[in-house]
Every structure is written in structure tokens, then in C-alpha cells.
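All remarks here apply to the structure that follows.
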There are 2 protein chains.
Amino acid sequence: MKKLRISIENVKNLLEAKGVKPSFQRISVLKYLLQENNHPSVDTIYKNLVSQIPTLSRTTVYNTLKLLSEKEVISTLSISNTDLRFDFVGEPHDHFQCNTCGKIYDIYEISDFSELKTVDGHQVQEMQLHLKGTCNRCLESLN
Amino acid sequence: MKKLRISIENVKNLLEAKGVKPSFQRISVLKYLLQENNHPSVDTIYKNLVSQIPTLSRTTVYNTLKLLSEKEVISTLSISNTDLRFDFVGEPHDHFQCNTCGKIYDIYEISDFSELKTVDGHQVQEMQLHLKGTCNRCLESLN
DNA sequence: TATAAATTTGTAATGATTACAAATATAGAA
DNA sequence: TTCTATATTTGTAATCATTACAAATTTATA
Ligand SMILES: [Mn+2]
Ligand SMILES: [Mn+2]
Ligand SMILES: [Zn+2]
Ligand SMILES: [Zn+2]
């Protein structure tokens, strides 16, 4: 829940390092992901940015997320069964989604499959551990 | 890939044991899941059954899968980012989806989180490990 | 049989995502 | 700077998965 303060310069350098031309829209999307760290949907990103960028198109958000995903700047989470969620690729970590409030939490130090390159002859390129249940906040409010 | 031969009686008993009234449609859906073991989408199930049950409605497939999921007879896999997939709940296992052919494979003996009831104060009710990459068949055909 | 409850069905509505072409912005050459 | 090619963004329409819902059918019960 720590909201980070991320400079535009940092984001710009990050994009350039990954071979992505740092347009204003792309910087905005990645900056949003980094400082909110809330695993947002396309629509959440769009709605939050369109107030600052009135000309922003939903298609641009889709395009940007697809591009950043291909360049492995971000990862696409299929944990929600209603829409895709997006996350910055930093430290490897897992995710927990609350069945009550829907919020997605980062989980560290549960799984470590970093050395897993192959299983049953399949070449593994990506792995996600998805946990679901009731989050600590929602458990609290049951009292 | 072993196609199982499942008797209707077995499926009927399975449903009754879980408190689900074994209608013809429900038996058909669960029997399909059990003997194909192919982690199908709603549409795959519908298209395969409608030839035998011409009056079958897609809504019935949706209703049945929702009911069986609630009764924990089946599990809903969110591994594909285009549609939901369904699986019988038997031995705990993980899944690998091939980025090339799209097929979903069962993976056994990778993860064991069966004792994990709580993490960071969140109550865990369900967990899924999703692997993605290139499957052994598709690797073969690259030669 | 008559009636109520459960289940199935078909259609319409919703919501997420993709397709696509026009508009705009950016970069490089002259 | 101006011209031109390329990259990016935008808006709209189309597609696909899923849900809502009420009518029709089946099943259970009196
Ligand atoms: Mn995360
Ligand atoms: Mn499986
Ligand atoms: Zn919660
Ligand atoms: Zn494959």
C-alpha cells in the first residue's frame, strides 16, 4: 500500500532501457503502475489517467500494456476471472486476491521456482502462483 | 491424454455425494470433464455435447459449471487470458499452458502448499500454480 | 391429477477485448 | 525550415465471453 513517488525521468529511462520509445502516454501508464502498485485493470488505468490526459484513448492503454508486456517491462496477471490485471516486473513475487473485496495483494517468500526451467519436457518461460481467500482486512471487519 | 471410460452411474453417484441433483445435462457435463481431462472452455464443452443433446443450451452449461464449482466438484482455472477453463477436482495438481498450441497440461509433484492456510494474515481458501511456455510437443516440431 | 418447485432454454444485455482506419505527432532528409 | 516517411494515438465498430432474465419444460410432491 506504500504509494511510491516515481520521477518521470526514472520511468523514461526504464522504458528506453527496454527499447520502448517513451511517449507521454506510455510514461503515464507505466508511472501509474509503479506508484499505485495496485494491479489495476485496463479500465482502472484508463479512468485514472483520463482526468490528467483528456484525449487519452482506451485503445492506447491496451496498446501500451500489450507492448510493455511483450518487452517484459510488465506482467499480465490472469488471477481475476473477470478481467486482466497488470503489474510491474520487479522482484519475483506471488499474488493473493480477496474473494470479498477483490483487492490483490503482493505475497513474498512463498514460492521459489526461479530455477525451474523445464517440467515434463515442457520449456517453462513464466509462472504465477495465485492464492484466493479472505484478506486480513475483510477478516477484521467480520467482527 | 489417457481418455478414461467413465460410467454414468459413477458420475451420478459423484454428483449426489456432493449434494447436486443429477440431471441429464449435469451428468453429461461432468462426464465430459472426467473422460476428456482437457481443461475445456464453456464453448468447447457446449460444442462437444450439443451433438448428443441437440436441445442443450449454452446457459445450461454456464449454470452447471457455476453450480459444480460452488459445490467444489470442479475447479475454475483462470490460466488462459481469453476464457475460463474447467477441471475436475481430484488429486491436487498444477497446470502448464503452451503459448504455441494453447494446450493445458497437468503437472504433478511441483508445488505442495496443502498446509498453507494463512499468509500475511490472509485466509487462503484456494491456490493455483500456472506455468506457461512451450510444450514438449511444440518443442519437438521445431526441428 | 393438480400444484409447486427445480431445471432448462432462448434471447437480450453487458462488458472486455480486438480490428481497423483516420488523425496526429515525431524524426530525418533536403 | 519545410517536406516526407514513420510511429503513435485516437475513435468507432466488431467480436467474443459472460450474465440477466423470463418463458418453457421437467420433476417432485400432495
Ligand atoms: Mn504484484
Ligand atoms: Mn488439471
Ligand atoms: Zn478483502
Ligand atoms: Zn504446444
Side-chain angles (χ1 to χ4, degrees), chain A residues 8 11-12 15-16 18-32 39-71 73-86 97 102 104, chain B residues 8 11-12 15-16 18-32 39-71 73-86 97 102 104:
Chain A
I8 288 181
V11 179
K12 192 180 284 190
L15 288 171
E16 280 170 339
K18 294 284 190 166
V20 177
K21 201 165 293 185
S23 71
F24 183 64
Q25 288 87 342
R26 289 167 180 173
I27 291 170
S28 302
V29 168
L30 182 52
K31 188 164 176 286
Y32 178 82
H39 313 98
S41 65
V42 170
D43 220 56
T44 299
I45 297 170
Y46 173 76
K47 288 195 170 108
N48 276 276
L49 294 184
V50 78
S51 50
Q52 312 156 226
I53 314 168
T55 60
L56 184 66
S57 166
R58 226 174 286 261
T59 300
T60 298
V61 180
Y62 274 101
N63 289 342
T64 298
L65 293 169
K66 186 171 186 228
L67 178 66
L68 296 186
S69 201
E70 284 164 1
K71 299 291 186 175
V73 180
I74 66 173
S75 64
T76 301
L77 305 183
S78 57
I79 192 171
S80 161
N81 48 23
T82 56
D83 50 22
L84 293 174
R85 302 304 189 86
F86 299 89
Q97 183 169 40
I104 296 174
Chain B
I8 289 181
V11 179
K12 192 180 284 188
L15 288 170
E16 280 170 340
K18 295 283 191 165
V20 177
K21 199 164 296 186
S23 71
F24 182 63
Q25 289 85 342
R26 289 167 180 173
I27 292 171
S28 302
V29 168
L30 182 53
K31 187 163 177 284
Y32 179 82
H39 313 98
S41 66
V42 172
D43 220 55
T44 299
I45 297 170
Y46 172 76
K47 288 195 170 109
N48 275 275
L49 295 184
V50 77
S51 50
Q52 311 157 228
I53 314 168
T55 60
L56 184 66
S57 166
R58 226 174 287 260
T59 301
T60 298
V61 180
Y62 274 101
N63 290 342
T64 299
L65 293 169
K66 186 172 187 223
L67 178 67
L68 295 187
S69 200
E70 283 163 3
K71 299 291 187 174
V73 180
I74 66 173
S75 64
T76 301
L77 304 184
S78 57
I79 192 172
S80 161
N81 48 22
T82 56
D83 49 22
L84 293 174
R85 302 304 191 86
F86 299 90
Q97 183 169 40
I104 296 174

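Letters A, B, ... are given to chains in the order of the sequence lines, protein chains preceding strands, and every chain is numbered from 1.
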Do B:R85 and B:Q97 have side-chain heavy atoms sitting under 4.5 Å apart?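 B:R85 reaches B:Q97 side chain to side chain.
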Any side-chain heavy-atom pair of A:L30 and A:V73 under 4.5 Å: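 In short, these two side chains touch, coming nearer than 4.5 Å.
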Which atom of A:Y46 lies closest to which atom of A:S57, heavy atoms considered: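 Result for this residue pair: CE1-C, 3.9 Å.
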Between A:S41 and A:D83, which heavy-atom pair has the shortest distance, and what is it?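 Nearest pair, atom of A:S41 first, then A:D83: CB-OD2, 3.6 Å.
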I need the [atom1]-[atom2] distance between [X] and [N], as an integer number of Å.
X	N	atom1	atom2	answer
B:L67	C:dT7	CG	P	8 Å
A:L84	D:dC16	CG	C1'	14 Å
B:Q25	C:dT9	CD	C1'	9 Å
B:E70	D:dT19	CD	C1'	14 Å
A:R58	D:dA13	CZ	P	15 Å
A:N81	D:dT19	CG	P	8 Å
A:I53	D:dT9	CD1	P	10 Å
B:Y46	D:dC16	OH	P	16 Å

Rounded to the nearest 0.5 Å, what separation is found between the CG atom of B:N63 and the CZ atom of B:R26?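 One finds 8.5 Å between CG of B:N63 and CZ of B:R26.
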Mind checking if A:S23 touches a base, just sugar-phosphate, or nothing, with heavy atoms under 4.0 Å?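 Sugar-phosphate contact only.
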How is B:S41 classified with respect to the nucleic acid when contacts are heavy atoms under 4.0 Å: base, sugar-phosphate, or nothing?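 Touches nothing.
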When you match A:L56 and B:T59 each to their closest nucleotide on DNA chain D, which lands nearer the 5' end?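 Final value for this comparison: A:L56.
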Nearest to the [X] side chain among [options], which nucleotide is it?
X	options	answer
A:N63	D:dC21, C:dA16, D:dT9	D:dT9
A:Y62	D:dT18, C:dT18, D:dT10	C:dT18
B:K21	D:dA28, D:dA7, C:dG10	D:dA28
A:R26	D:dT9, D:dT10, C:dT8	D:dT9
B:S57	C:dA19, C:dT9, D:dT9	C:dT9

Strictly below 4.0 Å: does B:T60 bring a side-chain N or O up to OP1 or OP2 of C:dT9?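 Yes, within the criterion.
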Kindly say if B:T55 contacts the phosphate of C:dT9, meaning a side-chain N or O under 4.0 Å from OP1 or OP2.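 It does, given that an N or O in the side chain of B:T55 lies less than 4.0 Å from OP1 or OP2 of C:dT9.
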Hey, which of these two, A:D83 or B:F24, hits DNA chain C nearer its 5' end, going by closest nucleotide?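 This one resolves to B:F24.
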